[in-house]
Amino acid sequence: MAKILINHLYKRYGKDKSPVVKDFHLEIKDKEFLVFVGPSGHAGKSTTLRMIAGLEDISEGEIYIGDTLVNDLPPKDRDIAMVFQNYALYPNMSVYENIAFGLRLRKLPKHEIDLAVKRAARVLEIEQYLGRKPRQLSGGQRQRVALGRAIVRNPQVFLMDEPLSNLDAKLRVQMRTEIIKLHKTLGVTMIYVTHDQIEAMTMGDRIVVMKDGIIQQVDTPETIYTQPNNTFVASFIGSPPMNFIEGRIQESVPGSGKLEFHTSRFALDIPEGKAHALVKNKQINRTVTLGIRPENVSLDEIVFQAFPNAVVPGVFKIDELMGADRYLHLDIGQDRMLVARVNPRYRFGEDDKLKVALDMSKALFFHNETGERFTE
């Protein structure tokens, strides 16, 4: 197996054009499951993956797989296997022949090929389909065949580019679990590209959040969710996304060091640690952005008691029942909606007035212009 070092990587199309991947620098650990996530289209995640695979030329920088510099190595010599979203199966071949195809090109002995194909089929639970053609399989079964073709090569690194995007929602959930199990079974380094933040959160040991070809944050799913570097990461990761409210930081009593977050309709006490970060960054009497997750906006009496000076008045507009949760959408003025994730027992009529309490221990504060989070 192998770690991967990506050293200040750039990708440009044309001499005078701005790079689509910019100064990508990252070390991927041996046997790690790493997920590249970002918006569809211009994040640079698939381009980066294709440079690792050798399918795109590198404009600048270095890629090491293990101890080998692979910049100029063709894909077949990089000891990697890639799985695409369109499966790329040969329609005229059986499942067995599709899985065995790469091994036959390498002229392995017939008995070795047979052992490898049957072992992969057993791991993926597709043994009963080995005699079928791809057209006789479901989408999930075809994706298993594509995975099987990668497994038999016994590569150092698996690269997966949106492998589940063509599947329906239920099958995607099932295949997520299958790929996680596969990673644990094989114990190989995996890099997985997706635009789906739920896939990223549930699958990755670490997540690389990208936007416009630039790494925004690299960390564990939990850290990215609770301590996003900036408003882009905070809004992209999480469903529903984080609430943002603009307001001004003021001292409750001049010289006291105690701070409040003020809008035209309400004021919120700021906990000491978060106040210290705002003072350190000279944000008193400046406008900042407060961010808070919907699950930290509450109707529970316990939260009202814990944060009596962090109550926000609003007007109920719509709700979304999600089974175990209900999402309340409240108009809090300033053309701003606040989403609260609450127990489904709560019911309100349109334009009902109500108050919610914010768990200010979980609130985050961001620079109003750069979007960067103020750290404690």
Side-chain angles (χ1 to χ4, degrees), residues 2-30 32-86 88 146 150 155-166 188-197 199-200 203-219 224 228-230 232-233 235-237 370-372:
K3 69 176 183 180
I4 299 171
L5 176 62
I6 305 171
N7 197 18
H8 301 293
L9 198 66
Y10 286 79
K11 177 62 182 178
R12 298 181 182 87
Y13 294 103
K15 289 184 179 179
D16 301 325
K17 293 186 178 180
S18 60
V20 294
V21 175
K22 307 169 191 176
D23 198 23
F24 189 107
H25 185 75
L26 183 67
E27 183 172 321
I28 302 165
K29 301 168 192 169
D30 181 28
E32 183 172 24
F33 195 132
L34 188 81
V35 179
F36 295 168
V37 67
S40 295
H42 305 288
K45 52 194 187 296
S46 288
T47 303
T48 303
L49 193 78
R50 290 173 64 83
M51 284 192 282
I52 297 169
L55 301 174
E56 289 274 1
D57 292 334
I58 296 167
S59 301
E60 189 178 331
E62 299 170 321
I63 298 175
Y64 289 86
I65 297 178
D67 297 322
T68 304
L69 178 65
V70 300
N71 284 37
D72 299 319
L73 286 183
K76 67 183 179 63
D77 296 331
R78 297 193 182 199
D79 201 8
I80 56 97
M82 193 157 180
V83 180
F84 300 92
Q85 68 185 67
N86 63 357
Q156 292 190 81
V157 180
F158 274 88
L159 306 177
M160 300 191 181
D161 191 4
E162 302 266 12
L164 308 183
S165 61
N166 288 337
V188 297
T189 307
M190 282 192 180
I191 306 176
Y192 185 103
V193 164
T194 181
H195 64 273
D196 186 329
Q197 54 95 11
E199 278 184 18
M203 297 179 77
D205 297 325
R206 286 191 300 161
I207 298 173
V208 180
V209 184
M210 297 182 68
K211 179 191 177 191
D212 298 330
I214 299 171
I215 294 177
Q216 303 294 310
Q217 187 167 356
V218 184
D219 220 314
I224 281 182
N229 279 356
N230 53 45
F232 171 76
V233 176
S235 61
F236 189 77
I237 299 293
T370 67
E372 297 297 307

* Taking Asn230 for the side chain and Phe232 for the main chain, is one N or O donor matched with an acceptor at less than 3.5 Å? -> yes
* To do: For the pair Asn229 (side chain) and Glu372 (backbone), establish whether a donor and an acceptor sit closer than 3.5 Å, ignoring hydrogens and angles.
  => no
* Structure fact -> Correct closest heavy-atom pair for Ala200 and Ile207 would be O-CD1, 3.4 Å
* Asked: Between Pro228 and Val233, which heavy-atom pair has the shortest distance, and what is it?
  -> CB-CG1, 3.8 Å
* Structure fact -> Sequence neighbours excluded, the answer for side-chain contact (heavy atoms from CB on, under 4.5 Å) partners of Leu55 is Arg50, Ala53, Pro75, Met82, Phe84
* Could you tell me which non-hydrogen atom of Pro163 sits nearest to which non-hydrogen atom of Val193, and how far apart they are? => CD-O, 4.1 Å
* Under 3.5 Å donor-acceptor, Gln197 side chain and Val37 backbone -> no
* Between atom CZ of Phe24 and atom CD1 of Ile58, what is the distance when rounded to the nearest 0.5 Å? -> 12.0 Å
* Asked: Between atom NE2 of His25 and atom CG of Asn7, what is the distance when rounded to the nearest 0.5 Å?
  -> 5.0 Å
* Does Asp57 CG have over 12 foreign heavy atoms under 6.0 Å away? -> no
* Asked: How close do Leu159 and Val157 get, heavy atom to heavy atom, and via which atoms?
  -> CD2-CG1, 3.6 Å
* Asked: Between His195 and Glu162, is a side chain to side chain donor-acceptor pair (under 3.5 Å) present by the stated rule, with each step listed?
  -> CA-CA 8 Å; His195 64 273; Glu162 302 266 12; 3.1 Å; yes
* **Side-chain donor or acceptor of Ser59 paired with backbone N/O of Arg12 under 3.5 Å** => yes
* From CD1 (Ile52) to CD1 (Ile191), nearest 0.5 Å -> 4.0 Å
* To do: Indicate yes or no for a side-chain donor-acceptor contact from Arg78 to the backbone of Val70 under 3.5 Å, with no hydrogens or angles considered.
  => yes
* For Asp219, which residues count as a side-chain contact (heavy atoms from CB on, under 4.5 Å) partner, sequence neighbours excluded? -> Gln217, Thr223, Ile224
* Would you find more than 12 non-hydrogen atoms of other residues, nucleotides or ligands less than 6.0 Å from His42 atom NE2? -> no
* When rounded to the nearest 0.5 angstrom, what distance separates CD in Glu62 from CG in Leu9? -> 10.0 Å
* How about Met160 and Phe33: do any of their side-chain heavy atoms sit closer than 4.5 Å? -> no
* To do: Check Ile65 against Ala2 and note the closest heavy-atom contact, atom names and distance.
  => CG2-CB, 4.1 Å
* Does Lys3 offer a backbone N or O that forms a donor-acceptor pair with the side chain of Thr189 under 3.5 Å? -> no
* State, with a plain yes or no, whether a side-chain heavy atom of Phe36 is found less than 4.5 Å away from one of Thr194. => no
* **Heavy-atom check, side chain of Asp79 versus side chain of Thr68, under 4.5 Å** => no
* Tell me, do Leu26 and Leu34 make a side-chain contact under 4.5 Å, heavy atoms counted? -> yes
* To do: Please check if the side chain of Asp23 supplies one atom and the backbone of His8 the other of a donor-acceptor pair under 3.5 Å.
  => no
* To do: Output the distance between atom OH (Tyr192) and atom CG (Asp161), rounded to the nearest 0.5 Å.
  => 10.0 Å
* To do: Would you confirm whether Lys45, through its side chain, and Pro39, through its main-chain N or O, come within 3.5 Å as a donor-acceptor pair?
  => yes
* Heavy atoms only: give me the nearest Ala150-Pro155 pair and the separation to one decimal. => O-CD, 3.5 Å
* Structure fact -> To the nearest 0.5 Å, atom CE of Met210 lies from atom OG1 of Thr48 at 4.0 Å
